[in-house]
Protein chains: 2
Amino acid sequence: MADVEDDRMALLRFVERFGLVLREAGMAPMPARVLAYALADDADHYTAGDLARGLGVSPAAISGAVRQLVQVGLLVREREPGTRSDLYVLDDRDLWSRFMTAELASLRRFEEAVAGGVELLGTERPGGRRLAETRDFMAFLHGELVDALARWPAERDRLAAERNGAPVPR
Amino acid sequence: MADVEDDRMALLRFVERFGLVLREAGMAPMPARVLAYALADDADHYTAGDLARGLGVSPAAISGAVRQLVQVGLLVREREPGTRSDLYVLDDRDLWSRFMTAELASLRRFEEAVAGGVELLGTERPGGRRLAETRDFMAFLHGELVDALARWPAERDRLAAERNGAPVPR
DNA sequence: CACATGCTTCACGAACTTGTGAAGTGTGTT
DNA sequence: AACACACTTCACAAGTTCGTGAAGCATGTG
């Protein structure tokens, strides 16, 4: 049954590849790997040990990673009574909506920083005008993203219905 | 005229603050500072020396930073005939639209990485299904962003007209 | 109540990143 | 033609980040 081993390797390769993209998007390496792994592996909940063994890293590394993921809401920590380990579950319904909602907070900081600059410089000088336009664009984008996220659930259901309503005939 | 000095300090403080936000968004420190400075200062073009002196850093640091900024299209390099230095101009019209358009490429990589995972895992297993939904969301978001960016120029003009057409009465 | 287990915290070594100074390169000036 | 100036490249030192191993801390189990 080397196939199982091969699958595991393939999964880990994907985890690294996807993790890299997540890192480029600003996520720390270890949380990125854990997230990718929890997404792509088939379990619906993981203990810290599962993650450590699955990824082949030390439990210490997992500890920090899950803390961050829980903090930003990408992972939920649960506790089954009569057990010694926390369970981490990837609440996959609307996962990415929630992720993006969190990202919007950083866009918000962006807006605030720029608004502070506009206040500092006024809108008469060229620099101030450029900043003001930047601020306007960020506000616009923010609004558009909020709208888009609000549309997603409906779009998601539409896609699902489409696939179920006209499944591949056999 | 310590006021001028104070203004310079205030500007540099803003540059650091804004630069920090840009770094959180994934930009390297030096390019972030240069971009913030070029945006907020009043000149409409800068030599490498202007930037180095203005920011109080070595010319060497500027060299690398502007190269990156030029590469992603945030800064344009120009050459006036009969002069020894390149001029860097912040083409501020649609600057952020272009920036976001570039960002979309990274979203694209995201989509590709996830699509690869779906291909690897199939859509029958839980992990594969989660990845498929992720892919769908990213595609949706991509489309929405493209639409939003297409709407920006009109929105921008609308805002400008509004401000000019109905200026604050006094 | 002692023990085993699983997670967490901490301090460290390795790897990477950043900006500098110094040397090099090209371009206009005298 | 030699010089001066402005930028670029390069090698390095300082600082930062990352994941590990070891020790500590809970929490069930015999």
Side-chain angles (χ1 to χ4, degrees), chain A residues 12 15-38 43 45-72 75-90, chain B residues 12 15-38 43 45-72 75-90:
Chain A
L12 285 184
V15 165
E16 282 308 324
R17 194 147 33 89
F18 187 31
L20 220 56
V21 176
L22 288 172
R23 288 174 61 181
E24 279 174 21
M27 193 172 282
M30 212 56 183
R33 281 197 272 268
V34 169
L35 178 60
Y37 181 81
H45 53 70
Y46 306 84
T47 65
D50 291 339
L51 296 171
R53 278 185 301 277
L55 285 168
V57 301
S58 74
I62 298 297
S63 185
V66 292
R67 184 151 24 107
Q68 287 195 51
L69 289 172
V70 166
Q71 191 155 20
V72 300
L75 218 53
V76 178
R77 196 196 309 262
E78 294 185 348
R79 192 56 168 267
E80 209 65 21
T83 182
R84 197 168 347 191
S85 358
D86 287 329
L87 291 180
Y88 297 98
V89 343
L90 195 64
Chain B
L12 285 183
V15 165
E16 281 309 324
R17 195 147 36 87
F18 188 32
L20 221 55
V21 176
L22 287 172
R23 289 175 62 181
E24 280 173 21
M27 192 171 282
M30 212 56 186
R33 281 197 272 268
V34 169
L35 178 59
Y37 181 81
H45 53 71
Y46 306 85
T47 66
D50 291 338
L51 296 170
R53 278 185 301 276
L55 285 167
V57 300
S58 74
I62 298 296
S63 185
V66 293
R67 184 151 26 112
Q68 286 195 52
L69 289 172
V70 167
Q71 191 156 20
V72 301
L75 218 53
V76 178
R77 197 194 309 261
E78 295 185 348
R79 191 57 169 265
E80 210 65 22
T83 182
R84 198 169 347 191
S85 359
D86 287 330
L87 291 180
Y88 296 98
V89 344
L90 194 64

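Reminder, nothing fancy here: chain letters follow the sequence lines and each chain counts from 1.
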Practice problem: Using a 4.0 Å heavy-atom cut-off across all strands, classify A:Arg33 as base, sugar-phosphate, or nothing. | Solution: sugar-phosphate
Quiz prompt | Side-chain donor/acceptor of A:Tyr46 to backbone N/O of A:Ala38, under 3.5 Å | solution = yes
Practice problem: Mind listing the residues from residues 76-87 of chain A sitting with a heavy atom below 4.0 Å of DNA chain D? Number order is fine. | Solution: A:Thr83, A:Arg84
Quiz item: How would you list, by chain and number, every residue that makes a ring-ring contact (aromatic ring centres under 6.0 Å, His included) with B:Phe18, sequence neighbours excluded?
Solution: A:Phe110, B:Phe14
Quiz item: Listed by chain and number, what are the salt bridge (Lys or Arg N to Asp or Glu O under 4.0 Å) partners of B:Arg77, not counting sequence neighbours?
Solution: B:Asp86
Self-check item: All side chain to side chain contact (heavy atoms under 4.5 Å, CB included) counterparts of B:Arg84, not counting sequence neighbours
Solution: none
Quiz item: Which pairs with one or both residues in residues 19-29 of chain B pass salt bridge (Lys or Arg N to Asp or Glu O under 4.0 Å), sequence neighbours excluded?
Solution: A:Arg109-B:Glu24
Quiz item: How close do B:Gly19 and B:Ala32 get, heavy atom to heavy atom, and via which atoms?
Solution: O-CB, 3.6 Å
Practice problem: If a pair satisfies salt bridge (Lys or Arg N to Asp or Glu O under 4.0 Å) and one of its residues is in residues 28-37 of chain B, list it, with sequence neighbours excluded. | Solution: B:Glu16-B:Arg33
Quiz item: Between residues 46-70 of chain A and DNA chain D, which residues have a heavy-atom gap below 4.0 Å?
Solution: A:Val57, A:Ser58, A:Ala60, A:Ala61
Please report, to 0.1 Å, the donor-acceptor pairs under 3.5 Å made by any side chain of residues 52-72 of chain A, with sequence neighbours excluded.
from: A:Arg53; atom 1: NH2; to: A:Asp50; atom 2: OD1; distance (Å): 3.3
from: A:Ser58; atom 1: OG; to: A:Ala61; atom 2: N; distance (Å): 3.3

Exercise. Examine distances only and state if a side-chain atom of B:Tyr88 and a backbone atom of B:Leu75 form a donor-acceptor pair shorter than 3.5 Å.
Key: no
Practice problem: Return the minimal non-hydrogen interatomic distance between B:Ala28 and B:Pro31, and the atom names on each side. | Solution: O-CD, 3.3 Å
Self-check item: Minimum-distance pair of heavy atoms, taken over all atoms of A:Arg79 and A:Thr83
Solution: NE-O, 3.4 Å
Quiz item: Along DNA chain C, 5' to 3', what are the outermost nucleotides having an atom less than 4.0 Å from a heavy atom of chain A?
Solution: C:dA4 to C:dT9
Quiz item: What one-letter contact string describes nucleotides 11-17 of chain D from 5' to 3', where B marks a base within less than 4.0 Å of any protein heavy atom, S marks contact via sugar-phosphate atoms alone, and - marks no contact?
Solution: -------
